[in-house]
Amino acid sequence: MLRIMPELCGGLINAGGDLRVWGIAPERDPAWTVGVEDPRDLDHDCALLALNEGAVATSSIAYRRWRQGDRWMHHLLDPRTGEPADTDLAAVTVVGASTATAEIYTKVALLSGMAGGRAYLEGQRGYAALLITKSGIVHATAGMEAYRR
């Protein structure tokens, strides 16, 4: 029989950078603190989020990229062209109940660009997002202030 010890009342699963958290964080803070990497400077965070329960997913063109001739390429392909997406966004982070759903929303938003991605995300009830442009501007959708530290 599995017995949950009172001092172990929370957990975090990291699935390649996408997270699912529940319960009390190790610091005994009721919320888990999650840093959102700045896609222009991966050694720094551009935002800190606080979650009591839920998921965080990020899609970014900062990783898995390479140069082909004079053009930067990345791994997020536009299904309409089969080429790396031509987007004005560098990264999208989504917070909500489901890690899988948040991950899908990040990809759709990033491939759609700032205007289309923001409009798409604003229509997703129960989810909030940060959209980070290639120039480093961080835009938040409705509801994200509840998660910002």
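For the numbers below, each heavy atom of this structure counts, side chains included, while hydrogens, waters and symmetry mates do not.
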I'd like a table of donor-acceptor pairs (distance under 3.5 Å, sequence neighbours excluded) in which one partner is a side-chain atom from residues 33-41, with atom names and distances.
| residue | atom | partner | partner atom | Å |
| --- | --- | --- | --- | --- |
| Thr33 | OG1 | Arg149 | NH1 | 2.6 |
| Glu37 | OE1 | Tyr63 | OH | 2.7 |
| Glu37 | OE2 | Tyr63 | OH | 3.0 |
| Asp38 | OD1 | Arg40 | N | 2.8 |
| Arg40 | NH1 | Ser135 | O | 3.1 |
| Asp41 | OD1 | Asp43 | N | 3.3 |
| Asp41 | OD1 | His44 | ND1 | 3.3 |
| Asp41 | OD2 | His44 | ND1 | 2.7 |

Any chance you could lay out the side-chain contact (heavy atoms from CB on, under 4.5 Å) test for Ile13 and Thr99, step after step, and finish with the verdict? CA-CA 10 Å; Ile13 297 172; Thr99 310; over 6 Å; no
I need the full list of side chain to side chain donor-acceptor pair (under 3.5 Å) pairs touching residues 13-23, with sequence neighbours left out, sorted by first then second residue.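 Those involving residues 13-23 are Arg20-Glu53.
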At their closest point, which heavy atom of [X] faces which heavy atom of [Y], and how far apart are they?
X      : Y      : value
Ser112 : Gly116 : CB-C, 3.8 Å
Ala91  : Leu110 : CA-CD1, 3.8 Å
Ala129 : Leu121 : CB-CD1, 3.5 Å

[atom1]/[X] to [atom2]/[Y] distance, rounded to the nearest 0.5 angstrom?
X      : Y      : atom1 : atom2 : answer
Leu130 : Thr106 : CG    : OG1   : 12.0 Å
Arg148 : Leu48  : CZ    : CG    : 9.0 Å
Leu131 : Met144 : CG    : CE    : 8.5 Å
Ile132 : Ile61  : CD1   : CD1   : 11.0 Å
Ser59  : Ile104 : OG    : CD1   : 10.5 Å

What pairs with Thr141 under side chain to side chain donor-acceptor pair (under 3.5 Å), at least two apart in sequence or on another chain?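 Thr141 satisfies side chain to side chain donor-acceptor pair (under 3.5 Å) with no other residue.
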Clusters formed by hydrophobic residues whose side-chain heavy atoms approach within less than 4.5 Å: which one holds Ile24, and what are its other members?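 Same cluster as Ile24: nobody, lone residue.
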Qualifying residues under ring-ring contact (aromatic ring centres under 6.0 Å, His included), relative to Tyr147, sequence neighbours excluded: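 Tyr147 satisfies ring-ring contact (aromatic ring centres under 6.0 Å, His included) with no other residue.
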Using modelled atom types and a 3.5 Å cut-off, is there a donor and acceptor pairing between side-chain atoms of Ser60 and backbone atoms of Ala90?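 Here the side-chain-to-backbone pair exists.
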Output yes when a side-chain donor or acceptor of Tyr127 lies under 3.5 Å from a complementary backbone atom of Ser98, and no otherwise.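 Yes, Tyr127 side chain to Ser98 backbone: donor-acceptor pair under 3.5 Å.
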Joint hydrophobic cluster, Val92 plus Met114, side-chain heavy atoms closer than 4.5 Å: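 Linked, Val92 and Met114 end up in one cluster.
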For residues Trp32 and Leu49: do they belong to one hydrophobic cluster (side chain heavy atoms under 4.5 Å, members Ile, Leu, Val, Met, Phe, Trp, Tyr)?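 They do share one cluster, since a chain of ILVMFWY contacts under 4.5 Å joins Trp32 to Leu49.
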With salt bridge (Lys or Arg N to Asp or Glu O under 4.0 Å) as the rule and sequence neighbours excluded, what pairs involving residues 122-135 come up?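 Sorted pair list: Arg118-Glu122.
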